[in-house]
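None of the values given here were measured: they were computed from a predicted structure. Lettering of chains follows the sequences in order, A, B, ..., and the numbering in each one begins at 1.
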Amino acid sequence: MNFFSQVYELVRQIPEGKVTTYGEIAAALGTRDARRVGHALHANPDGDLTPCHRVVTKDGKLSESYAFGGSFEQYAKLKSEGVTFLDRTHVDLSRHLYHYPTE
DNA sequence: AGCGTGACGAACT
DNA sequence: TAGTTCGCCACGC
């Protein structure tokens with residue numbers, strides 16, 4: 001089990017209508033290196049297997065370099081799942097942030 | 001092999 | 001409050 005796989009596992013645990021942040025994932029794996037989390041998602045082409053559109057930055061901002069058609073795809077997918085937005089590129093984290101259980 | 005960069009973000013100054 | 005440094009490492013050059 002490598003870091004990438006763990007990232008994918010956590011992302012798959014995000015329920016519909018929820019989002020999480022790079023920092024949450026990194027912290028859940030015991031590190032502060034959010035860059036690897038982002039890199040893992042971008043390196044993963046399995047858009048159906050791993051809902052990377054549910055992962056945003058700490059500010060709730062959608063990633064600017066999203067691989068599947070830009071942040072608009074994230075916006076469309078998330079909105080269809082019931083996620084609300086502060087503006088076209090910012091998720092309402094106060095309503096939809098998924099916090100990983102601490103163990 | 002080293003160096004710079006990067007879907008990031010917290011801590012520090 | 002804003003700017004800088006540090007964490008940590010895959011990847012391209």
Euclidean distance for C1', C:dA2 against B:dA7 (whole angstrom):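 Comparing C1' positions in C:dA2 and B:dA7 gives a spacing of 24 Å.
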
Atom C1', compared across C:dC6 and B:dT5: separation rounded to whole Å: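 Their C1' atoms lie roughly 16 Å apart.
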
Can you tell me how far apart [atom1] ([X]) and [atom2] ([Y]) are? Round to the nearest 0.5 Å.
| X | Y | atom1 | atom2 | answer |
| --- | --- | --- | --- | --- |
| A:His90 | A:Tyr75 | NE2 | OH | 13.5 Å |
| A:His53 | A:Ser80 | NE2 | OG | 7.0 Å |
| A:Lys61 | A:Gln74 | NZ | CD | 9.0 Å |
| A:Leu78 | A:Leu62 | CG | CG | 6.5 Å |

Taking only nitrogen or oxygen atoms into account, show me every contact under 3.5 Å that the protein makes with nucleotides 1-5 of chain C, one pair per line with its distance.
none

Do [X] and [Y] have side-chain N/O donor and acceptor atoms under 3.5 Å apart?
| X | Y | value |
| --- | --- | --- |
| A:Thr31 | A:Arg36 | no |
| A:Glu24 | A:His99 | yes |
| A:Ser94 | A:Asp92 | yes |

Listed partners of A:Lys79 passing salt bridge (charged side-chain N to carboxylate O under 4.0 Å, His left out), at least two apart: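 Listed in chain order: nothing, the list is empty.
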
d(OH, A:Tyr8; P, B:dA7) in whole Å: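 To the nearest whole Å, that distance equals 15 Å.
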
Integer-rounded Å distance: B:dA7 P and A:Tyr75 OH: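 These atoms are roughly 24 Å apart.
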
Whether A:Arg54 side chain and A:Ile14 backbone form a donor-acceptor pair below 3.5 Å: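 Here the side-chain-to-backbone pair exists.
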
For DNA chain B, the residues among residues 19-30 of chain A that have a non-hydrogen atom under 4.0 Å from it: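 Only A:Tyr22, A:Gly23 qualify.
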
Sequence-distant partners of A:Phe4, ring-ring contact (aromatic ring centres under 6.0 Å, His included), two or more places apart: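 With sequence neighbours excluded, A:Phe4 shows a ring-ring contact (aromatic ring centres under 6.0 Å, His included) to no residue whatsoever.
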
Please list, for nucleotides 6-10 of chain C, all pairs of protein and nucleotide N/O atoms separated by less than 3.5 Å.
{"from": "C:dG7", "atom 1": "O4'", "to": "A:Arg32", "atom 2": "NH2", "distance (Å)": "3.3"}
{"from": "C:dG7", "atom 1": "O6", "to": "A:Arg35", "atom 2": "NH1", "distance (Å)": "2.8"}
{"from": "C:dG7", "atom 1": "O6", "to": "A:Arg35", "atom 2": "NH2", "distance (Å)": "2.9"}
{"from": "C:dG7", "atom 1": "N2", "to": "A:Arg32", "atom 2": "O", "distance (Å)": "3.1"}
{"from": "C:dC8", "atom 1": "O2", "to": "A:Asp33", "atom 2": "OD2", "distance (Å)": "3.2"}
{"from": "C:dC8", "atom 1": "O2", "to": "A:Arg35", "atom 2": "NH2", "distance (Å)": "3.4"}
{"from": "C:dC8", "atom 1": "N3", "to": "A:Arg35", "atom 2": "NH2", "distance (Å)": "3.0"}

Given DNA chain B, 5'-ward residue of the pair A:Ala40 and A:Lys58, judged by closest heavy atom: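 Per heavy-atom nearest nucleotide, the more 5' residue is A:Ala40.
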
Listed partners of A:Glu9 passing side chain to side chain contact (heavy atoms under 4.5 Å, CB included), at least two apart: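 So A:Glu9 forms a side chain to side chain contact (heavy atoms under 4.5 Å, CB included) with A:Arg12.
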
